[in-house]
There are 2 protein chains.
Amino acid sequence: MVFYLCQKPFVEPESHFDSYFKSAFTVDNVIFGFDEGALKVLLIRRNEAPFEDCWALPGHFVRQNEDLDEAARRVLWEMTGLENVYLEQLFTFGAPGRHAYGRVITVAYYSLVKIADFTPQALTLTREVAWHDLTTLGELAFDHNEIIVTARDQLQRSIRNRPVGFELLPPEFTLTQLQHLYESIWETKLEKRNFRKKILSMDLILPLNRTQKGVSHRPARLYRFDETRYRKLTREGFNFEVKG
Amino acid sequence: MVFYLCQKPFVEPESHFDSYFKSAFTVDNVIFGFDEGALKVLLIRRNEAPFEDCWALPGHFVRQNEDLDEAARRVLWEMTGLENVYLEQLFTFGAPGRHAYGRVITVAYYSLVKIADFTPQALTLTREVAWHDLTTLGELAFDHNEIIVTARDQLQRSIRNRPVGFELLPPEFTLTQLQHLYESIWETKLEKRNFRKKILSMDLILPLNRTQKGVSHRPARLYRFDETRYRKLTREGFNFEVKG
DNA sequence: ACAAAAGTGTTAGTGATACACCCATGA
DNA sequence: TCATGGGTGTATCACTAACACTTTTGT
């Protein structure tokens, strides 16, 4: 038999704890977008040391009384102007020595956005903001290359069971665009007929009476994602799944 | 065209950063075990304020020059005597106010162990160590109940695609034990014949020429997990999957 | 009329589900 | 001999995978 006895703590720090309260933590945001058939990540060029002038993830220190999620949102907004972005916690990186000024661990967040919905702008602590193609990234500040690799792995896993792909596409898209999105994230080729059958059989994307404009071949039909229906099906136990 | 210019940082902290270096971080370990048909978690009774005498996850401060993974291993060992446990990072909890002595964020780790492999013992900072049934947990220190819920959700997801279940069972186990393990983690009932067919068709567990002892009914055959084969198949693109 | 991508149907095989009875052992 | 859980086979259905040709549009 186990007794649970759980009182409210005394607010009376003991002195031998003081030595632990000398660290800092930051948040770093990995924002993915998809454009011109390629996966992109939003980077900033730093305005301050260390790594001044280097490209880096938009990230900065968390304030003393700020929740982590809140800090991630604030920092993203302050550095790039992006607002109302759904950020998900990814992983925490805390190797000693990863920051030159002291012990700093960083909580990485990630998100998927539609590139057309935002016009990133260099604000605080930022010389420049730009979308970078994932396949041609150079060396970034701190351990940010490693963070991006982790985020990309996570993305590869998560598009399998959650319809996250739709978050990266414009509201109206063609099935071929969706297929290319999966192909570029997984770095594979998918079979057109089976992919379409699978996607359409879920009844999650609605055909519109509109088609692509300005292409020099047969224009493709446009579709949009039926989020309401997705939520309903999910409540009923439906499981989204696309195989690679 | 984007230029990447990424120099080594100067080690010259600027004074306006000082205010950020006043936080601490801890690691907390959620160690799951499985015994008597029920899922268990390893808890300690605390030896120091805050929450002295309360049950809590084995967790403590990370040292200044210690990697997070390393700290999790050390703390687990120091508090419970468990060694050589494979810990995986789970999530980071950082609500302001979660610790009475200042801003403390905690990186939670989790692991699955075979209960019989260890004899937990109360060491540093620990009055008592014990396995607790997950279904009858009382109120724990800090936000540890929330951390355990997160770990449990993660466990429910991860036993689907990784043969983690075998880590919780003794090296030799019966198929019914394995099925009960899945059932208690998912809180569902599975169909015996189909479960066995599915598991055996993967050729990952080897039948032994031994059976259960000391049961008052037909004794079940014992099996063991073929880890070598699992690694080989995984390299070849095989995907473990058990459906609920 | 040609180039370029859109769009579609069928078949064979594999895996999932649902279901009921006999077997081996200890008490 | 009875109670208890161990153990198996088959039929149906759903999904996956593999495959080639016709359609629509712009140039």
Side-chain angles (χ1 to χ4, degrees), chain A residues 36-38 159-161 163 169-170 172-184 186 188-224 233 236-244, chain B residues 36-38 159-161 163 169-170 172-184 186 188-224 233 236-244:
Chain A
E36 300 160 2
I159 59 169
R160 187 186 173 104
N161 295 303
L169 292 175
E172 304 190 349
F173 52 87
T174 70
L175 292 181
T176 301
Q177 279 178 297
L178 182 61
Q179 181 179 339
H180 287 163
L181 172 60
Y182 274 88
E183 288 175 342
S184 79
W186 280 337
T188 51
K189 288 285 167 201
L190 300 174
E191 212 276 331
K192 184 168 59 161
R193 283 165 290 191
N194 294 334
F195 179 79
R196 296 163 93 95
K197 251 177 297 186
K198 174 73 190 184
I199 293 290
L200 290 173
S201 74
M202 291 191 278
D203 272 342
L204 283 177
I205 73 165
L206 304 173
L208 304 174
N209 288 325
R210 308 183 39 214
T211 54
Q212 263 180 325
K213 297 291 173 210
V215 286
S216 77
H217 55 74
R218 175 174 174 177
R221 159 162 271 167
L222 293 170
Y223 291 82
R224 68 182 176 75
L233 289 175
E236 293 166 0
F238 164 81
N239 249 313
F240 182 88
E241 181 165 12
V242 182
K243 298 212 169 166
Chain B
E36 300 160 0
I159 60 168
R160 189 187 172 104
N161 295 305
L169 292 175
E172 304 190 348
F173 52 85
T174 70
L175 292 180
T176 301
Q177 279 179 298
L178 182 61
Q179 182 180 338
H180 287 163
L181 172 59
Y182 274 89
E183 288 175 342
S184 79
W186 280 337
T188 51
K189 287 287 165 199
L190 301 174
E191 213 276 329
K192 184 169 59 161
R193 285 166 287 193
N194 295 333
F195 179 79
R196 296 163 93 94
K197 251 178 298 186
K198 173 73 191 185
I199 292 289
L200 291 174
S201 74
M202 291 191 276
D203 271 342
L204 282 177
I205 73 166
L206 304 173
L208 304 174
N209 289 324
R210 309 182 41 215
T211 53
Q212 262 181 328
K213 296 292 173 207
V215 287
S216 76
H217 54 75
R218 174 174 176 178
R221 160 162 273 167
L222 293 171
Y223 292 81
R224 68 182 174 75
L233 288 175
E236 293 165 0
F238 164 81
N239 248 315
F240 182 88
E241 182 165 13
V242 182
K243 299 212 170 164

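Letters A, B, ... are given to chains in the order of the sequence lines, protein chains preceding strands, and every chain is numbered from 1.
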Measure the distance from [atom1] on [X] to [atom2] on [N] and round it to the nearest whole Å.
{"X": "A:K213", "N": "C:dA6", "atom1": "NZ", "atom2": "P", "value": "15 Å"}
{"X": "B:Q179", "N": "D:dG7", "atom1": "CD", "atom2": "P", "value": "11 Å"}
{"X": "B:L222", "N": "D:dG5", "atom1": "CG", "atom2": "P", "value": "17 Å"}
{"X": "B:E241", "N": "D:dT16", "atom1": "CD", "atom2": "P", "value": "11 Å"}
{"X": "A:F195", "N": "C:dG9", "atom1": "CZ", "atom2": "P", "value": "19 Å"}
{"X": "A:H217", "N": "D:dT22", "atom1": "NE2", "atom2": "P", "value": "21 Å"}
{"X": "B:D203", "N": "C:dG15", "atom1": "CG", "atom2": "P", "value": "12 Å"}
{"X": "A:H180", "N": "C:dA4", "atom1": "NE2", "atom2": "C1'", "value": "13 Å"}

Practice problem: For the side chain of A:R196, starting at C-beta, report the closest nucleotide among D:dT25, D:dG26, C:dA6. | Solution: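 For the A:R196 side chain, the nearest candidate turns out to be C:dA6.
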
Practice problem: Counting heavy atoms from C-beta on, name the nucleotide in D:dT25, C:dG26, C:dC19 closest to the side chain of B:N194. | Solution: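 Of the options given, the side chain of B:N194 lies nearest C:dC19.
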
Exercise. Please round to the nearest 0.5 Å and tell me the distance separating atom CG of B:L181 and atom OG1 of B:T176.
Key: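 Answer for the CG-OG1 pair, B:L181 versus B:T176, is 12.5 Å.
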
Quiz item: NE2 of A:H180 to CG of A:L178: how many Å apart, nearest 0.5 Å?
Solution: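 Taking NE2 in A:H180 and CG in A:L178, the distance rounds to 10.5 Å.
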
Quiz item: Sub-3.5 Å donor-acceptor pair from the side chain of B:Y223 to the main-chain atoms of B:L200, do we have one?
Solution: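 Pair absent, no side-chain N/O of B:Y223 close to backbone of B:L200.
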
Exercise. May I ask you to say what B:T176 touches in the nucleic acid, namely base, sugar-phosphate or nothing, with a heavy-atom cut-off under 4.0 Å?
Key: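 Sugar-phosphate only.
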
Quiz item: Hey, does B:E191 reach any base, or is it just sugar-phosphate, or nothing, if we go heavy atoms under 4.0 Å?
Solution: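 Here B:E191 touches the bases of the nucleic acid.
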
Quiz item: Do B:K197 side-chain and C:dG15 base share a donor-acceptor contact under 3.5 Å?
Solution: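 When only heavy-atom distances are counted, B:K197 does not reach the base of C:dG15 through any donor-acceptor pair under 3.5 Å.
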
Quiz prompt | Side-chain-base donor-acceptor pair under 3.5 Å for B:K198 and C:dG15 | solution =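 Answer no: no donor N or O sits under 3.5 Å from an acceptor.
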
Self-check item: Any B:R193 side-chain nitrogen or oxygen under 4.0 Å from OP1 or OP2 of C:dC19
Solution: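 No, because none of the side-chain N or O atoms of B:R193 sits under 4.0 Å from OP1 or OP2 of C:dC19.
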
Practice problem: May I ask you to verify if any side-chain N or O of B:R218 is less than 4.0 angstrom from the OP1 or OP2 atom of D:dG7? | Solution: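 False: B:R218 side-chain N/O out of range (4.0 Å or more) of D:dG7 OP1/OP2.
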
Quiz item: In a check of salt bridge (Lys or Arg N to Asp or Glu O under 4.0 Å) between A:E172 and each of A:R224, A:R221, A:R210, which one passes?
Solution: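 Answer after filtering A:R224, A:R221, A:R210: A:R210.
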
Exercise. Please figure out whether A:Y223 or B:G214 has its closest DNA chain C nucleotide nearer the 5' end.
Key: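 The residue mapped nearer the 5' terminus is A:Y223.
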
Exercise. Would you kindly compare B:V215 and A:K192 by the position of their nearest DNA chain C nucleotide and give the one closer to the 5′ end?
Key: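 Per heavy-atom nearest nucleotide, the more 5' residue is A:K192.
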
Quiz item: Pick one: which of A:L169, A:L222, A:T211, A:V215 meets side chain to side chain contact (heavy atoms under 4.5 Å, CB included) with A:T174?
Solution: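 For A:T174, the side chain to side chain contact (heavy atoms under 4.5 Å, CB included) test succeeds with only one of A:L169, A:L222, A:T211, A:V215, which is A:L222.
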
